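Below is one structure, written out as structure tokens; comments come after it.
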Amino acid sequence: MARLVMKFGGTSVADLDRIRNVARHVAREVKAGHDVAVIVSAMAGETNKLVGFVEEASPAFDAAEYDMVVSSGEQVTAGLLAIVLQNMGIPARSWCGWQVPIETSDVHAAARITNIDPQNLLSSWEQGKVNVIAGFQGIGPDGRITTLGRGGSDTSAVAVAAALDARCDIYTDVDGVYTTDPRIVREKARRIERISYEEMLELASLGAKVLQTRSVELAMVHKVPLRVRSSFDDPDSPLQVQDNGSGPGTLVCDEDDIMEQQVVTGIAYARDEAHVAVRRVKDKPGIAASVFGPLADANISVDMIVQNVSVDGYANITFTVARNDLRRALDVLQAEKDNIGYESIDTSTEVAKVSIVGIGMRSYAGVASKMFRTLAEKGVNIEAITTSEIKVSVLIDEAWLELAVRALHTAFDLDAV
Ligand code: ASP
Ligand code: MG
């Protein structure tokens, strides 16, 4: 019998009707002969509400007690789903993280899973029961409840799948990973059938918020096949996962399991960066260090960096930081003004980063130049560039974001036909 982990996010368990719908998906897989473990999130909006209570209780709060409170949302849905399954005649039992146990580090609100002993879950399968596990939570070395950071149930699911040597289906409110945001490229964005872990990591960290980034890292390390699919599909649809891996949703897998590789798999964008230009610094050794050293000391991460050609012995250094770090970055640079010796600083938050991602880039030359040419033809100016082995990112004026994404989607043959 194949082992299967099924994870359902907050919108999929938002009320009892939806929990009943989830139970029908579980019932289908049980009837197909699988050993099933289900990971559930809290009902949509519930975790935010709990975080609100904590903040209202005290502006400075004990992180261990925060975890005690915010982990409770998942406990409720795990119990409710077990009840609904039992009511349908499917033996099931619920588990809190500590009961499994899902052992974690001691960093409250951002704990990492360190170990999962699968024994209890395996014995419960031997008794013919579905395991329903509260996501997002675990137990720290000192025996206290921990949580894994917002969106952490994805990571719970992948970790449990790795411990059980199971595949992992993530049910959410979209029917897969798309070539780009369908809200921007209406009708032309396509569902991706298969995507490699590495590409998914780039897209996830760039704001395609389908999966928590850490869950993808974990799946890559443990080679857990991960499928993103919609819980709103008809639970009794005959279109289910086939032995060859085809089926609904998007399969996130090893690149070797992808036969037809596109050069560019997806286009992501982010509006959460700000642009900083440090004008007229001396073009001499040590200047870049005098700008970026103090920023690093202040724990401000810098993303894209451009230093322009010096004309009269002076250059401009421009870079981007997260928008919520902009204020702090300016404070740091102002404090260092004499040391750096710049003339002025300009900033802009009206910028957006657009990225093309694809492992095919490793073996094709000219991908970046095609991107630049495409944007030039649309009159979109590029303010900064960064690249990695499988990604090219450009910073542009936010006003051109949609135009740029659409043009690139067409240029790299991603449009649905
Ligand atoms: N309920 C938690 C959150 O909202 C964890 C999760 O849903 O993944 O962040
Ligand atoms: Mg989520």
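Counting convention: from 1, in listed order, for ligands and their atoms alike. What you see is a predicted model, and the numbers here were worked out from it, not measured in a lab.
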Legend entry - T320 (side chain) donor-acceptor with M304 (main chain) under 3.5 angstrom: yes

Inset, instruction - Report the part of Q212 (side chain from C-beta onward, or backbone N, CA, C, O) that has a heavy atom under 4.0 Å from ligand 1; answer both or neither where that applies. - result: neither

Inset, instruction - Go through the side-chain N and O atoms of H275 and T347 and say whether any donor and acceptor fall under 3.5 Å apart. - result: no

Inset, instruction - Could you check which of K7, E74, Q137 puts a non-hydrogen atom nearest to atom 5 (C) of ligand 1? - result: E74

Inset, instruction - Give the numbers and elements of all ligand 1 atoms closer than 4.0 Å to a heavy atom of S41. - result: 6 (C), 7 (O), 8 (O)

Inset, instruction - Please say whether G151 places an N or O atom under 3.5 Å from an N or O atom belonging to ligand 1. - result: yes

Legend entry - Distance filter under 4.0 Å to R150 heavy atoms, resulting ligand 1 atoms: 3 (C), 4 (O), 9 (O)

Legend entry - N-O pairing of E46 and K49 below 4.0 Å: yes

Inset, instruction - Check the pair F232, Y171 against ring pair (Phe, Tyr, Trp, His ring centres under 6.0 Å), reporting the backbone distance first and the verdict last. - result: CA-CA 9 Å; F232 300 123; Y171 286 78; over 10 Å; no

Legend entry - S153 neighbourhood, listing ligand 1 atoms whose heavy-atom distance to it stays under 4.0 Å: 5 (C), 6 (C), 7 (O), 8 (O)

Inset, instruction - Determine, using heavy atoms of G135 and all atoms of ligand 1, whether some pair is separated by less than 4.0 Å. - result: no

Inset, instruction - Determine, using heavy atoms of G152 and all atoms of ligand 1, whether some pair is separated by less than 4.0 Å. - result: yes

Inset, instruction - Could you tell me whether Y66 and H108 have their ring centroids closer than 6.0 angstrom? - result: no

Inset, instruction - Look at the side chain of R18 and the backbone N and O of T11, then say whether any donor-acceptor pair between them is shorter than 3.5 Å. - result: yes

